[in-house]
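I have placed the structure first, in the form of structure tokens, so that the comments after it can refer back to it.
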Amino acid sequence: QVSGNRFYTIPVGIETLSQLQTLEMSNCRINGTIPQEFFSLPLLSVLDISYNMLFGSIPSTISSDLLLEEVSLNSNKLSGEIPSQIGLLINLSVLDISLATEYT
């Protein structure tokens with residue numbers, strides 16, 4: 001958990017942490033797009049990158065065999081459509097895109 005730090009960008013190499021189970025980087029003032037690699041970390045169950053300055057869309061390269069249970073993307077500047085692949089995540093119980101602007 002690194003929430004509340006001022007990274008401004010996503011640290012290089014996080015996507016290579018194949019044993020990562022929880023990634024909490026909320027309120028870090030991260031600016032940029034959501035790396036598609038976050039949705040390919042095999043053991044990741046919690047992804048919280050809320051309250052940042054992320055823009056663009058949710059990556060559509062989401063594997064159905066992921067263990068994701070919670071995804072918090074709220075309070076960013078996201079846009080576009082919610083990828084249909086999100087519906088294939090059988091363990092997903094929380095998807096928070098509130099205040100993420102312009103989502104359909």
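Everything numeric here is computed off the predicted structure, so don't read it as measured data.
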Give the cluster check for [X] versus [Y]: same hydrophobic cluster or not, with ILVMFWY residues linked at side-chain heavy-atom distances below 4.5 Å.
X	Y	result
I30	V46	no
L47	L95	yes
L67	L73	no
M25	Y51	no
V71	L17	yes

Are any of the side-chain heavy atoms of [X] and [Y] separated by less than 4.5 Å?
X	Y	answer
L44	L66	no
S60	Q85	yes
N76	F55	no

Could you give the distance from [atom1] ([X]) to [atom2] ([Y]), rounded to the nearest 0.5 Å?
X	Y	atom1	atom2	answer
L41	Q19	CG	CD	10.5 Å
S75	L54	OG	CG	11.0 Å
S64	L89	OG	CG	7.5 Å
S72	I97	OG	CD1	11.0 Å
I62	I86	CD1	CD1	4.0 Å

Heavy-atom closest pair (S18 atom, P42 atom, distance to 0.1 Å) is O-CG, 3.7 Å
So, for P59 and P83, which heavy atoms are closest and what is the spacing to 0.1 Å? O-CG, 3.5 Å
Quick one: list whatever passes side chain to side chain donor-acceptor pair (under 3.5 Å) with D96, sequence neighbours left out. S98
Looking at R29, is its backbone amide N or carbonyl O close enough to the side chain of N52 to form a donor-acceptor pair, meaning the two atoms are under 3.5 Å apart?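 Yes, the answer is positive, given that a donor and an acceptor are paired below the 3.5 Å cut-off.
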Flag, side chain of E69 to backbone of N91, donor-acceptor distance under 3.5 Å: no
